[in-house]
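In what follows, a structure is listed as structure tokens, so that the remarks can point back to it.
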Protein chains: 2
Amino acid sequence: MRAGERRPTLADVAAEAGVSVALVSIVMRGAPGAGATTRQQVLEVARRLGYQPDSRARLLRSGESRLLGVVFAVRHPFHDDVLTGLYDAADRAGYELTLSAVTPRRDERTAFAGLLQDRCAALILLGPLAPTADLAALAERLPVVVMFRAVRHRAVDVVRTDDARGLHLAVDHLVALGHRRIAHVDGARWVAAGERRRGYQDAMRRHGLEDLIRVIPGGSGEEDGARAARLLLDDPPTAVTTFNDLSATGLLDGLRRGGLDVPGDISVVGYDDSSFSRLAHIDLTTVAQDIDAMSTLAVTRAIERIAGTPVAHRETVIPPHLVVRGTTGPPPMR
Amino acid sequence: MRAGERRPTLADVAAEAGVSVALVSIVMRGAPGAGATTRQQVLEVARRLGYQPDSRARLLRSGESRLLGVVFAVRHPFHDDVLTGLYDAADRAGYELTLSAVTPRRDERTAFAGLLQDRCAALILLGPLAPTADLAALAERLPVVVMFRAVRHRAVDVVRTDDARGLHLAVDHLVALGHRRIAHVDGARWVAAGERRRGYQDAMRRHGLEDLIRVIPGGSGEEDGARAARLLLDDPPTAVTTFNDLSATGLLDGLRRGGLDVPGDISVVGYDDSSFSRLAHIDLTTVAQDIDAMSTLAVTRAIERIAGTPVAHRETVIPPHLVVRGTTGPPPMR
DNA sequence: CTGAAAGCGCTAACAA
DNA sequence: TTGTTAGCGCTTTCAG
């Protein structure tokens, strides 16, 4: 960029084209009310001058922001896929996305504040950890759609997966293969951990296996899975469901180091269908959430709220599906 | 959000506090020129009304944007770490970041355009794939800092890793362990692949191993690594360097399936220190880039350009370092 | 179909 | 220390 050069404004284009600014505005927005010839000319001048409309001024004047703020967390491979879906959905709806990341050194509060100042019309939060009260306070100011987490508050919209059903699918799959001694590695206090644990317990009961229910303390990291493996090695079940894929990979490694073959001796099911779960040497059977559907739903819901459309349900729960890969198979013969 | 409720403006706060808008503006910015008592009062009213300054109006008026646009790609675990570093650096410098993602269905052009409309003061691009001419055209409009890629154009600033040196480190490490037959799995046409390949070749020559230079066609994905493994199994070397971690994991899997022990029979070195390379069961020796230093440098450079500070070098090249983990060891005895 | 004028929420002169 | 005033670049009436 050469110094001293000002970016061209509407007025510059208007002057150069010999028309009024209002007309240029009409042309740039593609709004009706300009002759085809004039339109061509203006467009040509704008291109030549390298004119870029200033979205700040535009939004400021028009009052409407058509801007959706998204808060996501880095190092969640899962969120990357969601962003992809959200961009698609926003694009289809004629909205822009503005992103604010949560990083190890940038908390949710900061991420929220940034978006608030940008005058987003609504916020979409991916698996926020903030207490419900904070989310409710936010929702006081603008429509808030929370994804991948249940929030029991009437001001907050929720689009999440039926996590209990996810574990039903996992257990059903294992039982169909012939497993009975199925353990679950828990997700501790993480978002959705409780529902997944209860899903596991329900499913076991439904199959008449309540006496074999076994919940192992865990967490969201690989090391949590590895720790769980150590706890299981003394008396290994024939199959394990887990809170998430990362924990499952740690578990896999721990079990193999302990001399067990997967899936020969023991089957493992993850949760999330993370990108690394697809890697050939991990090849994890896992529960996948329908990210595209959920993204579309979240954007639609946000826009409905912005428009003030009455919405019947605050919470939308999407069924997950099972992706069967190489870490599950029949139990070993006795 | 209850419908019909307008967000409070400066004027609302001023009216409520019984002072002028200018004074409120001064207080909200923390600028000098307001009495302590008034300041307290105004702040209190603002808090009570839930006033949030409108950064768009603020920026529009002040002319300065203090906004850095960042283009990153989704599904690059590496970029997550860079974002973390960039937020830190921007925060220290008193700048805001606005993110625009490249996704499988949202190309770089679109990502650039979005930021341009937001009137960023400068752009930071993480490993852009766009041709140099496009980047130069962008740099015509505002300062552009490219990271993780060499761009030979006087209008574009570059902060990148000395990738050749990265492969020198890898080869030196392997040679020190006693390896001589070291192959390199190439990154095809990807950003930086050429320099890494040349780094490998140089290092081999420096160690008098030019006759043992062996470049295997590859790519950036796991499947490329797996394919390379098949090519190597006929006549395996004792060590392999790779274009990146993902390719290395595919290679690892392919080699192990082919009956080789890593690192007993063959050592493998990745590149990037991706988060998954740290997973205990992958535990990949890899070349790490100094992300924090590079992030700080990129932000600093962008701000220098915005301010019009004369900058001596357009290109800053940072040395990488080797992270030794479990996939490298001495070559097998003969 | 086109132009003139007002004002979005804010900051920065300047005046009081 | 405080208030008044004039815009930033744009959209949006409302006249012509």
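Quantities reported herein were computed from a predicted structural model and do not represent experimental measurements. Chain identifiers are assigned alphabetically (A, B, ...) following the order of the sequence lines, protein sequences preceding nucleic acid strands; residue numbering begins at 1 within each chain. Quick note: numbers below take in every heavy atom, side chains included, and nothing from hydrogens, waters or symmetry partners.
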Side chain of A/D88, backbone of A/G85: donor and acceptor closer than 3.5 Å? no

Taking A/R141 for the side chain and B/G50 for the main chain, is one N or O donor matched with an acceptor at less than 3.5 Å? yes

In whole Å, I'd like the distance from the CZ atom of A/R119 to the C1' atom of C/dG9. 8 Å

Quick one: does B/S55's side chain have a donor or acceptor within less than 3.5 Å of a partner on A/Q117's backbone? yes

Would you please confirm or rule out a distance under 4.0 Å between OP1 or OP2 of C/dG3 and any side-chain N or O of A/S20? yes

Atom-to-atom span, CZ of A/R7 to C1' of D/dC8 - whole angstrom: 14 Å

Confirm from the modelled atom types if B/R56 and C/dG9 form a donor-acceptor pair under 3.5 Å, side chain to base only. no

Take the angle between the ring planes of A/F72 and B/F72 and call it parallel below 30°, perpendicular above 60°, tilted in between. parallel

Nearest listed nucleotide, side chain of B/A22, among D/dC10, D/dG3, C/dC10: D/dG3

Between C/dG9 and B/R61, counting only base atoms on the nucleotide and side-chain atoms on the residue, is there a donor-acceptor pair under 3.5 Å? no

Do B/S25 and B/R29 get their side chains close enough for a donor-acceptor pair, meaning under 3.5 Å? yes

Look at the side chain of B/T296 and the backbone N and O of B/A89, then say whether any donor-acceptor pair between them is shorter than 3.5 Å. no

Could A/R66 and A/Y95 be counted as a cation-pi pair, given that NZ or CZ must be under 6.0 Å from the ring centre and within 45° of the axis? yes

Rounded off to whole Å, could you give me the CG-to-P distance for the B/L49 and C/dG9 pair? 14 Å

Residue-level proximity of residues 23-39 of chain A to DNA chain D when a heavy atom falls under 4.0 Å: A/S25, A/R29

Whole angstrom value for the distance that separates P of D/dT11 from CG of A/L59: 9 Å

Rounded to the Å, how far apart are A/D118 CG and C/dC10 P? 14 Å

Output the single nucleotide from D/dT11, C/dC10, D/dG9 whose closest atom is nearest the side chain of B/L60. D/dG9

Quickly work out the A/Q117 CD to C/dC10 P distance and round it to whole Å. 11 Å

Rounded to whole angstrom units, what separation is found between the CD atom of B/Q52 and the P atom of C/dG9? 15 Å

When rounded to whole Å, the CZ to P distance for the pair A/R58 and D/dC8 reads 18 Å

